[in-house]
Amino acid sequence: MQLYRTKDGFALLGCCFRRAIAPDVYIFSALLDGLVVEDRILEAEMLFKKLIKQKLCEPDVVMYNTMIKGLCKFGNNVTALALLRLMEQKNCKPSIVTYSTIIDSLCKDKMIDDAFKLFKEMVSDKGILPDVITYNSLICGLCKFGHWDEASKMLKEMADEKISPNVKTFTALVDAFCKEGKVKEAEAVINIMIERGKVPNIVTYNSLIDGYCLRGEMSKAREIFDSMTLRGLVPNVVTYNSLLNGYCKNLNIEKAEQMFHEMTVKGLKPNVVTYTTMLQGLFQVGRCVAARKLFDEMHAQGQIPNECTYGIVLDGLCNNHLVEDALSLFHLVGNSKLNSNIVVYNILIDGAGKYGKVDIARVLFQGLIDKGLQPNVRTYTVMISCFCQEGLLGEAKLLFLKMNESGCPPNDVTYRVLLQGYLKNQHYDDVVMLLQEMVDRGYSLGASTLSLFIDHIAVGLLDRSMLKLLGKLVPKELMDDPSF
DNA sequence: GTAGGGTTAG
């Protein structure tokens with residue numbers, strides 16, 4: 001059933017009914033799992049409800065777990081948790097799998113506190129002992145938050161419980177360190193795991209390679225890539241995708257194209273991520289025609305662009321003075337799910353604003369509201385930036401004030417954008433008040449906004465008395481900079 | 001015979 005053959009599963013089910021063989025809970029569980037694997041969550045829920053309502057079978061713990069897995073996969077932790085309570089009500093004891101599934105999902109959705117609440121319930125109230133999988137989810141969640149102290153506390157707790165970390169535990173640590181740019185620490189983890197007799201695998205090395213790529217240390221990334229091959233580990237699509245991304249971000253598109261070719265020669269099939277990475281690289285160096293060609297090739301190879309691809313293409317077009325093309329693509333896509341993402345609107349509004357098309361930005365902003373989409377801080381900020389650029393400070397201020405009412409308070413970037421707009425238009429009425437608000441919120445001015453203020457003071461447009469307030473808003477990086 | 005954890009693109 002895991003082989004994406006739910007159709008055959010249902011055919012088999014029909015067969016059962018015709019021959020008057022009662023399908024049992026095993027068959028229904030497998031069917032349910034098939035639907036979940038194929039992302040057919042609504043059908044899975046319908047099947048599950050139908051089974052209970054029509055008393056076709058009494059769900060057992062495995063079937064509940066399968067349904068819970070499906071709900072978690074679609075971010076519906078609330079219903080997953082409700083199902084866990086239903087199990088208790090129906091005297092079907094939740095197992096360690098039930099708890100671990102939901103704990104993992106909560107961690108992935110950054111709801112660490114809820115995850116730990118459930119963890120505590122599992123251990124203290126239900127007396128279920130956590131295993132290495134439960135710990136891995138929690139440690140992973142803590143690391144992604146940068147809560148290293150608590151993560152190491154969990155590692156110690158594992159040791160006390162005589163549960164050894166496995167390859168996945170160590171890999172999660174390697175990955176978390178790499179994502180924070182701490183590649184040396186990541187390498188130390190790999191050394192520890194080897195000392196403890198655990199063999200790093202392709203996933204472990206992929207994380208490390210990605211870490212070096214993100215730092216732009218491509219020769220080091222390449223070195224690990226080569227050493228990995230020497231150890232008999234075969235680089236996969238993920239390995240290549242990280243390297244491609246690294247080369248593209250370093251604007252070494254030729255090297256990326258060479259690696260792209262190399263991977264196909266080795267029989268690896270470029271996937272959506274590969275194409276999306278290359279598209280971004282090509283746009284970044286302004287090779288829009290080549291990007292278009294690759295986009296067509298992607299289609300021909302049966303790789304369907306997803307939300308991420310779409311966003312990168314729109315952004316690439318906007319940044320290459322092709323806002324019109326971005327807008328036609330947007331209209332071509334129409335009412336599809338691709339256009340139901342706030343990020344898409346943020347990109348287009350930003351693009352329109354940068355090229356002085358404030359009317360289009362306004363229409364886009366109204367359009368997303370009409371669609372029922374929720375503007376986020378970025379949406380408001382790019383819109384405010386549009387208004388400022390056109391000198392429409394009144395509208396900028398109105399929208400800025402609306403942010404608080406809408407439960408989406410401005411962040412440091414919003415303040416900087418508005419202040420830059422005020423200064424560039426020599427409009428100083430609210431400046432002191434805004435600066436004071438920034439101080440109260442613990443924000444700082446970016447280097448460029450700060451130097452804009454200095455310039456205005458130097459030519460006498462702003463009073464020197466403002467320096468005291470500005471002093472509280474100097475970014476930390478500049479404080480440490482001796483040249484400042 | 002069915003259920004849970006680690007890697008890539010904004």
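So you know, we letter chains A, B, ... as the sequences are listed, proteins then strands, and number each from 1.
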Asks: Have a look at A:Thr274 and say if it touches a base, only the backbone sugar-phosphate, or nothing, with a 4.0 Å heavy-atom cut-off.
Replies: nothing
Asks: Does A:Lys249 put a side-chain nitrogen or oxygen below 4.0 Å from OP1 or OP2 of B:dG10?
Replies: yes
Asks: Over how many whole Å does the gap from A:Ile139 atom CD1 to B:dG6 atom C1' extend?
Replies: 12 Å
Asks: Kindly say whether, by distance alone, the side chain of A:Asp131 makes a donor-acceptor pair under 3.5 Å with the base of B:dG4?
Replies: yes
Asks: Taking atom types as they are modelled, is there a donor-acceptor pair under 3.5 Å from the base of B:dG4 to the side chain of A:Ser100?
Replies: yes
Asks: Would you find a donor on one side and an acceptor on the other, under 3.5 Å apart, between the side chain of A:Asn341 and the backbone of A:Val343?
Replies: yes
Asks: Would you call A:Arg292 and A:Glu297 a salt bridge, using N to O less than 4.0 angstrom?
Replies: no
Asks: Under 4.0 Å: is that the gap between some side-chain N or O of A:Lys144 and OP1 or OP2 of B:dG5?
Replies: no
Asks: Please tell me if A:Lys69 has a side-chain N or O lying less than 4.0 Å from either OP1 or OP2 of B:dG4.
Replies: yes
Asks: Given the structure, check if the side chain of A:Asp33 and the base of B:dA3 hold any donor-acceptor pair shorter than 3.5 Å.
Replies: no
Asks: Distance check needed: B:dG4 P versus A:Ile133 CD1, whole Å only.
Replies: 9 Å
Asks: Look at the side-chain N and O atoms of A:Lys198 and state whether any lies under 4.0 Å from the OP1 or OP2 oxygen of B:dG6.
Replies: no
Asks: Do the side-chain N and O atoms of A:Thr379 and A:Asn376 include a donor-acceptor pair separated by under 3.5 angstrom?
Replies: yes
Asks: Counting only distance, no hydrogens or angles, is the base of B:dG4 paired donor-acceptor with the side chain of A:Thr101 under 3.5 Å?
Replies: no
Asks: Aromatic rings A:Phe177 and A:Trp148: how do their planes relate, parallel, tilted or perpendicular, breaks at 30° and 60°?
Replies: parallel
